[in-house]
There are 2 protein chains.
Amino acid sequence: MGSRRTPGRPPLPRADIIAKALEIVDGQGADALSMRTLARELGSSTATLYRHFENRTELVAEVVDHLFRHAVSGVGELSGMDWRQAYRQVATAAYHAMKNHRGALPLLLERVPSGPNAMLLRERCLAVLLENGFPPHFAARTYASLARYVLGFAIQTGGTGAGADTGALKAALSQTHPATAAVGDALPISLDEEFAFGLDLLIAGLAHRLDERDA
Amino acid sequence: MGSRRTPGRPPLPRADIIAKALEIVDGQGADALSMRTLARELGSSTATLYRHFENRTELVAEVVDHLFRHAVSGVGELSGMDWRQAYRQVATAAYHAMKNHRGALPLLLERVPSGPNAMLLRERCLAVLLENGFPPHFAARTYASLARYVLGFAIQTGGTGAGADTGALKAALSQTHPATAAVGDALPISLDEEFAFGLDLLIAGLAHRLDERDA
DNA sequence: ACCTGAACACCGTTCAAGT
DNA sequence: ACCTGAACACCGTTCAAGT
């Protein structure tokens with residue numbers, strides 16, 4: 001396995017490349033993923049990578065779509081399900097897929113995810129909304145809201161979380177930012193709980209809109 | 001004004017540096033902002049920039065906080081306002097500040113925004129929520145949901161928007177992704193409208209939760 | 001005291017040259 | 001046919017040297 005590759009058909013399948021890329025990103029963070037380090041880690045050369053991918057952006061897009069593959073396989077069969085359950089399941093599957101690859105999250109920003117698995121996740125979610133009687137334009141907005149909410153949430157999962165409030169800092173804060181200080185006593189809130197909170201708001205809001213429509 | 005700078009106290013105020021940085025980002029995009037180009041544009045040198053900022057990250061953080069300054073000045077006096085109006089005003093002010101500097105949005109991902117203006121915006125919003133009787137832990141989650149929603153939305157504002165669906169592509173889509181195709185007929189949706197839609201959901205969800213609490 | 005060119009150690013990408 | 005070292009044009013960051 002450690003042997004030098006020989007001329008001939010490429011013994012470097014795309015899948016191996018992106019698996020290694022994800023491995024690097026998970027282990028060392030998004031910044032560590034350069035074409036050079038990836039090539040070295042594979043025992044190959046950068047020029048070889050460019051025989052498989054048009055450019056770094058294309059490679060990154062495929063790594064990102066790997067996250068969505070995890071999300072897709074995290075949602076079960078949605079068909080026939082109540083929209084509330086289905087919506088929640090799609091959201092939490094996407095959220096957890098991203099949580100499990102925090103290091104890869106900065107990659108989400110380089111391009112709008114539009115790989116096959118991202119599209120499949122959307123398709124599954126839209127299908128169940130339509131099944132539940134959502135009018136198409138309403139379903140489209142409903143999915144967009146969810147996608148943006150999950151993304152906004154996931155994005156800052158990777159960050160350091162703004163750090164420790166020492167007692168001294170808190171004292172200063174209560175002078176300049178009293179409301180923040182008052183609320184800060186209730187912190188820290190677990191990320192999972194914050195996520196669930198907003199998701200419940202979206203669902204409650206949707207239910208309310210649907211009730212209005214039926215009345 | 002175009003004259004070479006001379007030795008002596010720094011004729012390069014921080015404010016000028018970040019104003020020029022924002023100008024570059026607005027005009028040429030986030031990728032165009034390198035320490036070299038910024039220094040050249042200012043008629044200075046990279047080493048001089050490092051006398052004002054610890055590193056590029058710190059400079060970027062200050063550019064980002066400039067966006068939040070716009071957002072803060074976009075919200076009027078919130079005190080004494082109904083929470084629904086206040087919440088909506090904070091959200092739309094932040095959204096518009098980001099829309100007006102699309103090129104700068106990728107910078108938002110480099111660090112969790114925690115500059116003085118970002119903190120001020122949060123303080124103002126939390127204050128009005130507390131005023132309206134939100135319990136602290138509830139107010140904290142309410143603000144977090146909004147911040148994440150706006151961020152997730154703003155982030156993808158800069159992107160190309162996934163591009164034009166030609167007739168041929170749509171035909172293929174209706175085979176493989178029927179729900180997406182069905183919904184796609186209702187597209188494109190204006191970004192502003194998508195944003196308002198989800199915001200209304202969050203507000204309706206909050207109202208519902210408060211009603212439950214009072215009952 | 002403040003500024004600067006030049007250097008260091010990296011990037012993404014390409015291409016002539018190897019086998 | 002497929003792979004590769006070396007090059008090109010960039011980065012962020014630092015430092016000895018200028019005035």
Side-chain angles (χ1 to χ4, degrees), chain A residues 1-18 20-25 27-64 103-104 106-111, chain B residues 1-18 20-25 27-64 103-104 106-111:
Chain A
M1 30 156 53
S3 66
R4 268 243 128 339
R5 257 164 302 94
T6 55
R9 300 212 92 245
L12 255 189
R14 273 174 95 92
D16 288 11
I17 300 180
I18 76 149
K20 179 66 81 179
L22 191 56
E23 190 185 314
I24 291 174
V25 159
Q28 267 115 215
D31 288 348
L33 181 64
S34 76
M35 300 301 268
R36 280 176 161 80
T37 55
L38 179 56
R40 190 185 334 120
E41 212 78 15
L42 288 162
S44 182
S45 76
T46 56
T48 299
L49 293 178
Y50 283 92
R51 300 191 75 262
H52 294 269
F53 301 91
E54 196 66 32
N55 47 41
R56 183 181 184 278
T57 300
E58 190 184 310
L59 189 150
V60 164
E62 234 148 303
V63 173
V64 166
L107 300 180
L108 275 174
L109 273 295
E110 306 197 8
R111 281 295 151 214
Chain B
M1 30 156 52
S3 66
R4 271 251 122 336
R5 255 164 304 95
T6 55
R9 297 212 95 244
L12 253 190
R14 274 174 96 90
D16 287 12
I17 300 179
I18 76 148
K20 179 65 82 178
L22 190 56
E23 190 185 315
I24 291 174
V25 158
Q28 267 116 213
D31 289 346
L33 181 64
S34 76
M35 299 303 266
R36 281 176 161 80
T37 56
L38 179 56
R40 191 186 332 123
E41 212 79 16
L42 288 162
S44 181
S45 77
T46 56
T48 299
L49 294 178
Y50 282 92
R51 301 192 74 263
H52 294 268
F53 301 91
E54 196 67 32
N55 46 40
R56 184 181 184 277
T57 300
E58 190 185 308
L59 189 151
V60 164
E62 233 147 304
V63 172
V64 165
L107 301 181
L108 275 174
L109 272 295
E110 307 197 8
R111 280 293 151 216

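Since the model is a prediction, treat every value here as computed from it, not as a measurement.
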Shortest non-hydrogen contact from B:S45 to B:A39?
-> C-CB, 3.4 Å
Would you kindly give the CZ-to-P distance between A:R51 and D:dG5, to the nearest whole Å?
-> 15 Å
Non-hydrogen atoms of A:L59 and A:L33 that approach each other most closely | CD2-CD2, 4.4 Å
For the pair made of OH in B:Y50 and C1' in D:dT13, what is the distance, rounded to whole Å?
-> 5 Å
What is the distance, rounded to the nearest whole Å, between atom CD of B:Q28 and atom P of D:dC11?
-> 12 Å
Among the nucleotides D:dG12, D:dT13, C:dG12, which one has an atom lying closest to any side-chain atom of B:N55?
-> D:dT13
What nucleotide among C:dT4, D:dG12, C:dG12 has an atom nearest to a side-chain atom of A:R36?
-> C:dG12
Side chain of B:R14, backbone of B:H52: donor and acceptor closer than 3.5 Å?
-> yes
Heavy-atom closest pair (B:L49 atom, B:M35 atom, distance to 0.1 Å) is CD1-O, 3.4 Å
How long is the span from the CD atom in B:E58 to the CD1 atom in B:I18, to the nearest 0.5 Å?
-> 11.5 Å
For atom NE2 of B:H52 and atom C1' of C:dT4, their distance in whole Å | 13 Å
Ignoring backbone atoms, test whether A:R56 places a side-chain nitrogen or oxygen under 4.0 Å from the OP1 or OP2 oxygen of C:dT13.
-> no
Among the nucleotides D:dT13, C:dG5, C:dG12, which one has an atom lying closest to any side-chain atom of B:A47?
-> C:dG5
Find the distance B:D31:CG to C:dG12:C1' and express it as a whole number of Å.
-> 12 Å
Shortest non-hydrogen contact between A:L107 and A:A30, atoms and distance = CD2-CB, 4.1 Å
Using Watson-Crick and G-U wobble pairs with both distances under 3.5 Å, what is the 5'-to-3' dot-bracket string of DNA chain D, with [ ] for crossing pairs and | for pairs outside the strand?
-> ||.|||||...|||||.||
Let me know the distance between CE of B:M35 and P of C:dT4, rounded to the nearest Å.
-> 14 Å
Any B:S45 side-chain nitrogen or oxygen under 4.0 Å from OP1 or OP2 of C:dC3 | no
Check every strand shown and say whether B:T37 touches a base, only sugar-phosphate, or nothing at a heavy-atom separation below 4.0 Å.
-> sugar-phosphate
What integer distance in Å separates A:L107:CG from C:dG12:P?
-> 12 Å
Is A:T46 near enough to C:dT13 that one of its side-chain N or O atoms lies under 4.0 angstrom from OP1 or OP2?
-> no
Looking only at heavy atoms, which two atoms of A:N55 and A:Y50 are closest? And how far apart?
-> CA-CE2, 3.9 Å
side-chain N/O B:T48 vs C:dT4 OP1/OP2, d < 4.0 Å = yes
Gap between atoms CG and P, on B:L49 and C:dT4 respectively (whole Å) | 10 Å
